[in-house]
Amino acid sequence: MDMRLDFFARPVSVKALKHIVSAGKAVADSTLPRATLELVALRVSQINGCGYCVDMHTKDAVHAGETPQRVNLVAVWREATVFTDAERAALELAEQGTRIADAAGGVPDEVWANAAKHYDEDQLAALVSAVAVLNALNRLNVITQRPAGDYQPGQFG
C-alpha cells in the first residue's frame, strides 16, 4: 500500500499534528495509568482499522512492560480474564466513544457510571481526551493509508 499523503511533509498538516500531539502529551502526563492508556489506544485503533496505530500501540505497550498475552487479548477483552475491572470500564468507554455514531444518544449512562467508579474526574477527562485524540490520529492515518510495520517503540517521544 502506498501512502496517499505524507503528513510530515506538508506545512498545514505538520501544524495540525503538532496540536494533536500536544493534546496527546497532556493525556500521557495525566494520572491515568500508563497500562490503561496503552490498552485503550490499542483498542480504539483496532476498532478504527488503523494498522499504523495498532502496530505502534502494540509495540509501545510491550516496550512499557505490558505482557504479550494482554496485548493479544485486547480485541476480545470481554472474554478475557486478564484485565482488571477498571481496565474493562476504560475499554468499554473507549469502545462506546469510538463507535459514537453507531449508538443514538452517544455513550450510555451505565458505561459512564462504571468508568466513574474506577477513575477520578481528572482521569476521566484524560480518558475521554485520549479517545478523542486517538480517533483523530486513526482517521488521519486511515484516510492517507499510512502503512504499518515500521514503527519503533518510543519513536515519537
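Computed from a predicted model, the values in this text were never measured in an experiment.
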Approximate separation, where rounding is to 0.5 Å, of [X] [atom1] and [Y] [atom2]:
X      : Y      : atom1 : atom2 : result
Leu137 : Phe7   : CG    : CZ    : 9.5 Å
Leu37  : Ser30  : CG    : OG    : 7.0 Å
Thr31  : Asp120 : OG1   : CG    : 5.0 Å
Leu134 : Asn48  : CG    : CG    : 9.0 Å
Lys18  : Ser13  : NZ    : OG    : 13.5 Å
Ile47  : Arg43  : CD1   : CZ    : 4.0 Å

Check whether any side-chain heavy atom of [X] sits under 4.5 Å from a side-chain heavy atom of [Y], and report yes or no.
X      : Y      : value
Leu73  : Val76  : yes
Leu17  : Leu140 : yes
Val131 : Leu93  : no
Arg70  : Glu66  : yes
Val82  : Gln69  : yes
Cys53  : Asn141 : yes
Pro108 : Gln96  : yes
Thr36  : Gln123 : no

Determine whether Tyr151 and Thr58 satisfy the following criterion, side chain to side chain contact (heavy atoms under 4.5 Å, CB included), listing intermediate values before the conclusion. CA-CA 10 Å; Tyr151 178 79; Thr58 298; over 6 Å; no

Test your reading of the model: is there a side-chain donor-acceptor pair from [X] to the backbone of [Y], 3.5 Å cut-off?
X      : Y      : result
Tyr119 : Ala86  : yes
Asp55  : Gly149 : yes
Arg4   : Ile143 : yes
Glu87  : Thr84  : yes
Lys59  : Val54  : no
Asn72  : Pro68  : yes

Electrostatic pair Glu95-Arg78, nearest N-O below 4.0 angstrom: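 Salt bridge: yes.
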
I'd like to know if Asp6 and Arg10 make a salt bridge, using a cut-off of under 4.0 Å between side-chain N and carboxylate O.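 Result for this pair is no, no salt bridge flagged.
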
Hey, quick one: are [X] and [Y] part of the same hydrophobic cluster, counting side-chain heavy atoms closer than 4.5 Å, chains of contacts allowed?
X      : Y      : result
Leu124 : Val44  : yes
Leu32  : Trp112 : yes
Leu91  : Val133 : no
Leu42  : Val62  : yes

List the atom of [X], the atom of [Y], and the distance in Å for their closest heavy-atom pair.
X      : Y      : answer
Asn114 : Ala89  : ND2-CB, 3.6 Å
Pro153 : Asp60  : CA-OD1, 3.3 Å
Asn138 : Cys50  : ND2-CB, 3.6 Å
Val27  : Ala130 : CG1-CB, 3.6 Å
His57  : Ser45  : CD2-OG, 3.7 Å

Can you tell me if CD on Glu121 sees more than 12 non-hydrogen neighbours from other groups inside 6.0 Å?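 No, CD of Glu121 has 12 or fewer neighbouring heavy atoms, counting only those of other groups under 6.0 Å.
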
For Asp150, does the CG atom sit with more than 12 other heavy atoms under 6.0 Å from it, leaving out its own atoms? no

Is it the case that Trp77 and Glu92 place a side-chain donor and acceptor less than 3.5 Å from each other?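 Short answer, no.
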
Please say whether the positively charged group of Arg146, taken as NZ for Lys or CZ for Arg, lies over the ring of Tyr52, i.e. under 6.0 angstrom from the six-membered ring centre and within 45 degrees of the axis.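 Satisfied, under 6.0 Å and within 45°.
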
